[in-house]
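What follows is a set of notes on a single structure, which appears directly below.
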Amino acid sequence: MAMTRDMTAGSEARHLIGFTLPLLAGNLLQQTYNVADTMIVGKYLGDDSLAAVGATGSITYLFYTLCIGLSLGAGILISQLFGARLRNKVRTAIVGSAAVTAIFGAVISILSVFLARPVLTALSVPDNLLSRSVTYMRIACAGTLCVAAYNWINAVMRALGDSKTPLIFLGVSTALNVGLDLLFVVCFKMGVGGAAFATVLSQGVSAVSCIIFCFKKNKDIRPRKDELRPQPAVMKKVIRIGLPIAAQNGLVSISMVALQRVTNGFGKTVMASYTVSMRIEQFIQQPFSSLSAAISTFAGQNIGASQEKRAQNGLKVSVRIGIVFAFAVLAVYLVCADLIVGCFVSKKAVISIGTKALIMTGCFYAPLSLIHTVRGFLNGAGDVSFALINGLTEVVCRVGLSLILTNISGISYWGIWITTSATWVATAAVCVIRYRKGKWKLKALT
């Protein structure tokens, strides 16, 4: 098969590193969308606009993540079928998952646009920021179908072991996004709506071009005429696998929305500090996310090929890599966290809070890395039902702790970042316990 990687033979470390690096580059480029928006909005439109954009982050991710979860579910199924050498079933899974992604993406795009104002109002976004927040969210969420399409083709190619092809198109899209940001915000004075529109347009270009190229070059996975009609049974299976992951992501997003609501109650300085710390954190999390995707594909292919021990060896390698990176980032924060935050904003109060927040959460990146690697392994092995437990853990911790800690005298808004750190520790513990119980050994999908 062209443009694929068979991970069922050869060095586990070589496969994981070789797969992770292009994926990491792609994820970093994807985060450049957010970084470009944040820096341009913060520098050219001011702190109020930055806070307005930040207020939409958690809820926008909630709408995006439902489609992303379904794509990840499709990728798990396809990776196990690919590892089992069931090529015909790989093609039918691709067609079925495409139909599911298109339907859900379109529905969520429509709903999110209509729900923007009532949702942001319920989140207690300040009146002076509400109008800008609604504008940004409506435009960004209207492009949910573009996000769904790109994540679907990305999940398909990852399942087949190809992390390089999507990177090429994402690189072009990222350059386009930065250029359009400057054009719409700085030259055309379109405000926060211009930043949102630049992101949506760039993601749409990336999705369409990548899909066309992949199916033109990958003849072996291109569906035949008699395979173009989506099979209801396959669509149901994709939904059954993807929904728990989508639900997990949704629950995590809901917990983030709740934390955002708590943050909004402390005013625009804390909101801006939280927005910057979250943007930086999202960027730093990409190596962990890339490792998660790598071990998920590695586990999926090897579980499909009935090579359980090899899959476990791959997990051990990914855990070591993740922990080393976690401590390296903490060292960087201790030296120059203030300079990093200063790249986004100029206000001294925001820089001061953001710097301390980064160092505080950076001390807990090791458990964060465990969440990504162990959860990725369990998903790839087919233990998708655990995703709901994982999501509920984050909701309970993030919602409960934020309400308690931020109301304790002497902690106040610092409870926002303490909550984040404690949530990572609790979630990592739950992931490790689930892995050690070994239920994933009975969850193969093929």
Next item on the list: Let me see the working for Cys343 and Val341 under side-chain contact (heavy atoms from CB on, under 4.5 Å), right down to the final yes or no.
Entry: CA-CA 5 Å; Cys343 292; Val341 176; over 6 Å; no
Under 3.5 Å: donor-acceptor pair, side chain of [X], backbone of [Y]:
X      : Y      : result
Arg87  : Phe82  : yes
Arg222 : Lys216 : yes
Ser296 : Ser292 : no
Arg434 : Lys439 : no
Arg310 : Ala9   : yes
Thr297 : Ala294 : no
Ser277 : Tyr274 : yes
Gln301 : Ala159 : yes
Ser202 : Asn177 : yes
Asn154 : Tyr150 : no

Could you tell me whether the side chain of [Y] reaches within less than 4.5 Å of the side chain of [X], counting heavy atoms only?
X      : Y      : answer
Leu358 : Val276 : no
Leu315 : Tyr435 : yes
Leu251 : Glu394 : no
Leu160 : Val90  : yes
Met256 : Gln260 : no
Ile389 : Val430 : yes
Val95  : Val234 : no
Ile168 : Phe213 : no

Distance, nearest 0.5 Å, that separates [atom1] of [X] from [atom2] of [Y]:
X      : Y      : atom1 : atom2 : result
Leu259 : Thr423 : CG    : OG1   : 8.0 Å
Ile94  : Cys214 : CD1   : SG    : 10.0 Å
Leu50  : Met271 : CG    : CE    : 9.5 Å
Asn379 : Ile245 : CG    : CD1   : 4.0 Å

Notebook entry, point to check: Does the side-chain contact (heavy atoms from CB on, under 4.5 Å) test come out yes or no for Lys217 and Thr165, once each step is laid out?
Noted result: CA-CA 11 Å; Lys217 294 295 182 180; Thr165 302; over 6 Å; no
Check: Is the Phe19 to Phe298 ring centre distance short of 6.0 Å?
Finding: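 Not close enough - the centres of the two rings lie 6.0 Å or further apart.
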Check: Around Arg229, counting heavy atoms of other residues, nucleotides and ligands shown, do more than 12 lie under 6.0 Å from its CZ?
Finding: no
What donor-acceptor contacts under 3.5 angstrom involve side-chain atoms of residues 362-378, with partners at least two apart or in another chain?
residue : atom : partner : partner atom : Å
Tyr365  : OH   : Tyr333  : OH           : 3.0
Ser369  : OG   : Ala366  : O            : 2.6
His372  : NE2  : Gln285  : OE1          : 2.9
Thr373  : OG1  : Ser369  : O            : 2.9
Thr373  : OG1  : Leu370  : O            : 3.4
Arg375  : NH1  : Asn390  : OD1          : 2.7

Notebook entry, point to check: Mind checking whether Phe288 and Phe325 have parallel, tilted or perpendicular rings, split at 30° and 60°?
Noted result: perpendicular
Check: Could you walk me through whether Asp383 and Lys437 pass the side-chain contact (heavy atoms from CB on, under 4.5 Å) check?
Finding: CA-CA 12 Å; Asp383 189 10; Lys437 284 187 174 180; over 6 Å; no
Checklist line | side-chain contact (heavy atoms from CB on, under 4.5 Å) partners for Ile211, two or more places apart | finding: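 For Ile211 the side-chain contact (heavy atoms from CB on, under 4.5 Å) partners, ignoring immediate neighbours, are Ala149, Trp152, Ile153, Phe215.
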Check: Side-chain donor-acceptor pair under 3.5 Å between Arg132 and Ser49, yes or no?
Finding: yes
Checklist line | Chi angles and distances behind the side-chain contact (heavy atoms from CB on, under 4.5 Å) call for Val41, Tyr136 | finding: CA-CA 11 Å; Val41 170; Tyr136 187 89; 5.7 Å; no
